[in-house]
Protein chains: 2
Amino acid sequence: MSSTENGAEASAREPEASPKVPGRLQPVTLREVAEAAGVSTATVSLVVNRKKDARIAAETRKRVTDAIRTLGYRPNAMAQTLVSGASRFIGLVADGVASTPFAGQIIHGAQDEAWKHGYALLIANTEGNSALEQDAIAMMLQYKVRGILYSRWFHRQADIPSPLRETDFVLVNCFSDEEGARAVVPDEIQGGRSATELLLAHGHRRIAFINAAIPGPATDGRLAGYRQALEDAGISFDPDLVMKACPDQEGGYLATAALLMRGAPAVFCYNDRMAMGLYDGLREQGLSIPGDIAVVGFDNQEAIAAHLRPPLSTVALPHYELGAAGVRMLLGIDPAPGGPAKIHCPAVERASVQVQANA
Amino acid sequence: MSSTENGAEASAREPEASPKVPGRLQPVTLREVAEAAGVSTATVSLVVNRKKDARIAAETRKRVTDAIRTLGYRPNAMAQTLVSGASRFIGLVADGVASTPFAGQIIHGAQDEAWKHGYALLIANTEGNSALEQDAIAMMLQYKVRGILYSRWFHRQADIPSPLRETDFVLVNCFSDEEGARAVVPDEIQGGRSATELLLAHGHRRIAFINAAIPGPATDGRLAGYRQALEDAGISFDPDLVMKACPDQEGGYLATAALLMRGAPAVFCYNDRMAMGLYDGLREQGLSIPGDIAVVGFDNQEAIAAHLRPPLSTVALPHYELGAAGVRMLLGIDPAPGGPAKIHCPAVERASVQVQANA
């Protein structure tokens with residue numbers, strides 16, 4: 001098929017004028033651009049579809065692009081995709097957009113990065129429904145996406161859904177042991193180390209850790225980071241200072257008594273929600289933060305961490321950066337290391353820790 | 001152009017086999033379906049593109065659909081869109097996906113409803129950046145969306161961006177005075193009434209209201225609802241019981257002293273974040289909730305309302321339903337009333353209110 005036929009075809013696909021809706025602006029048509037530029041619609045098509053090998057005089061091309069700009073013509077991206085053979089979509093499968101602020105931040109980062117490179121995101125939210133997930137991936141494949149970011153709001157090992165293998169994909173905030181599966185995840189070990197260092201830097205040496213009771217990379221990684229930080233500070237690890245609780249406010253609250261029995265003046269909580277519950281428990285005991293006990297959380301959760309009383313020191317989960325890094329890896333801009341790429345979790349210091357003499 | 005040419009054209013647009021990536025499944029091609037069914041690729045195209053006027057024997061059609069199912073062939077949705085002239089996309093412009101849980105719930109509701117009717121969502125998150133918003137709408141128009149839901153995470157009057165007028169649109173969680181602009185918004189007046197009734201039902205008659213200091217439909221509507229509920233209960237409105245504060249934890253905390261000066265044993269807070277800050281303020285004064293003061297919030301905010309100590313009675317903002325109702329209105333399934341359609345805000349009763357004798 002010659003390039004002229006390709007071009008003419010895209011123009012033949014111009015949609016019908018929309019049914020007249022009162023007050024609705026009618027889109028500018030290819031024909032109007034052609035008339036304004038004094039050329040054929042086929043010529044406009046060739047310019048719009050950027051056919052490099054089409055022989056069009058520079059002066060003619062300029063007349064067309066000027067008319068496009070002046071009239072505000074919007075080329076049909078569907079037709080362009082077909083003509084060029086390349087889709088400008090990246091799919092993003094997310095599982096917790098409605099229930100957590102985390103998935104939204106992955107979307108935000110992925111979209112910003114995708115747009116930088118001329119791609120739009122096709123987003124599907126599954127809220128953990130695997131039938132919906134299958135449908136979402138099938139839909140993305142039908143739209144011939146450039147590739148798919150498969151993300152989980154909660155860092156964990158993922159089973160790769162089989163249809164994902166029909167396109168390029170990158171796992172975001174999840175990973176697989178499968179050979180060659182590219183992934184970006186938060187650096188949980190570094191995050192756990194940074195959280196512990198926030199307390200060490202203020203002179204604490206007896207630091208408790210309320211970890212999550214559920215196993216997983218966050219639970220394991222944050223504990224490893226806590227141990228590393230203690231070791232680097234020359235403090236020997238005391239397993240009695242590590243407790244387990246449900247990773248929410250209720251879990252943190254219920255851990256209060258166990259924490260107080262250990263007499264540690266500083267505590268690192270697995271997440272901010274747990275720290276929020278612990279705040280309530282400590283206050284009920286008449287204890288003050290950080291005067292009696294310094295507290296550090298994890299997540300830097302929107303609407304919680306900065307707004308507790310006192311504001312909570314924490315370590316931020318880099319969801320925005322996970323989304324952006326996923327896109328860069330998908331497009332081959334960032335290389336994929338042997339295993340998952342680990343994204344830095346920055347410490348955020350607030351009033352819940354303070355300088356005090358060594359305990 | 002005859003329907004046969006249309007069909008053949010979609011098949012000619014089959015993408016090249018993807019570059020061989022190790023472990024990558026190769027998509028099934030139209031040619032493979034044709035071979036399996038023992039028909040031409042043009043015939044497969046006609047079946048895939050559901051050409052009603054194409055003369056294909058029922059038996060042949062069945063051979064093709066069986067082969068499609070058996071092989072797992074995925075038709076190119078871009079080609080189908082062009083051939084049918086109708087896009088299966090609905091655009092959703094959102095402004096707070098990364099910073100609030102509210103936009104995510106609008107997305108969730110809109111997606112569920114869109115999928116029910118065979119549409120996929122093309123979502124753009126602008127985080128309030130208007131240049132990005134212009135680009136997002138332009139992108140959606142280029143993809144020939146069926147229409148656009150223009151949503152705001154915070155209920156307010158919206159300026160309709162001019163390119164929106166090039167397609168069908170519905171304003172979601174925002175509205176415009178413009179003639180004919182369709183919109184779905186929360187029923188703030190009913191919500192304010194329900195919040196107040198939660199306290200009235202437990203015998204309170206002297207009920208304070210800490211409203212937001214910022215003007216807008218939520219501030220005005222919730223106040224109107226509060227007044228209606230009092231009036232219905234035969235309680236005269238006392239303007240001295242209405243205070244104003246910033247709609248966040250800090251605002252609620254700082255309103256504590258003003259609330260206590262008024263001596264009201266029950267308070268309705270403009271939102272849950274404000275109630276969370278007020279909890280801190282009341283506890284610092286040694287007061288208990290609901291024993292000394294009953295508290296009701298608004299929003300039913302994820303990760304906050306249900307997890308305060310005691311859990312907070314509140315009124316839910318119906319973001320999921322706003323998204324779903326927006327899609328139904330866009331597709332003409334729900335009629336558009338004269339003004340914005342108002343969505344019910346359900347009351348959620350928890351332990352922060354309790355039965356007590358009339359104050």
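In what follows, chains are A, B, ... by sequence order, proteins preceding strands, each numbered from 1.
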Run the numbers on A/F89 and B/L122 for side chain to side chain contact (heavy atoms under 4.5 Å, CB included), then give the verdict. CA-CA 10 Å; A/F89 280 130; B/L122 202 49; 3.4 Å; yes

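- Side-chain atoms of B/L308 and A/Q249, non-hydrogen and from C-beta on, never get closer than 4.5 Å to each other.
- The candidate with the highest count of non-hydrogen atom pairs below 4.5 Å against chain A, out of B/T100, B/D135, B/D248, is B/D135.
- No part of B/M140 comes within reach of chain A, as not one of its non-hydrogen atoms sits under 4.5 angstrom from that chain.
- Note: A/D112 CG to B/N129 CG = 8.5 Å, rounded to the nearest 0.5 Å.
- The OG atom of A/S99 sits 7.5 Å away from atom NE2 of B/H108, with the distance rounded to the nearest 0.5 Å.
- Under the rule for a salt bridge (charged side-chain N to carboxylate O under 4.0 Å, His left out), A/E32 has no partner lying at least two apart in sequence or in another chain.
- Proximity to chain B is limited to the side chain of A/Q301, based on heavy atoms less than 4.5 angstrom apart.
- The side-chain heavy atoms of A/R283 and B/E284, taken from C-beta on, include no pair separated by under 4.5 Å.
- Only the backbone of B/A306 has a heavy atom closer than 4.5 Å to any heavy atom of chain A.
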As a quick check of understanding, evaluate side-chain hydrogen bond (donor to acceptor under 3.5 Å, both in side chains) for B/E250 and A/H307, giving each step before the final call. CA-CA 7 Å; B/E250 291 73 9; A/H307 304 284; 2.9 Å; yes

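- In this structure, no portion of B/Y320 lies under 4.5 Å from any heavy atom of chain A.
- Proximity to chain B (any heavy atom under 4.5 Å) is restricted, for A/R273, to the side chain, taken from C-beta onward.
- Contact annotation for A/F102: neither backbone nor side-chain heavy atoms come within less than 4.5 Å of a heavy atom of chain B.
- For the options A/A136, A/A181, A/G180, A/A103, heavy-atom pairs under 4.5 Å to chain B are most numerous at A/A136.
- Residues B/Y143 and A/R88 are in side-chain contact: their nearest non-hydrogen atoms beyond the backbone lie under 4.5 Å apart.
- For chain B, the nearby parts of A/A124 are the backbone and the side chain; heavy atoms of each come within less than 4.5 Å.
- For the side chain to side chain contact (heavy atoms under 4.5 Å, CB included) with A/Q111, the lone residue among B/I123, B/L132, B/V97 that qualifies is B/L132.
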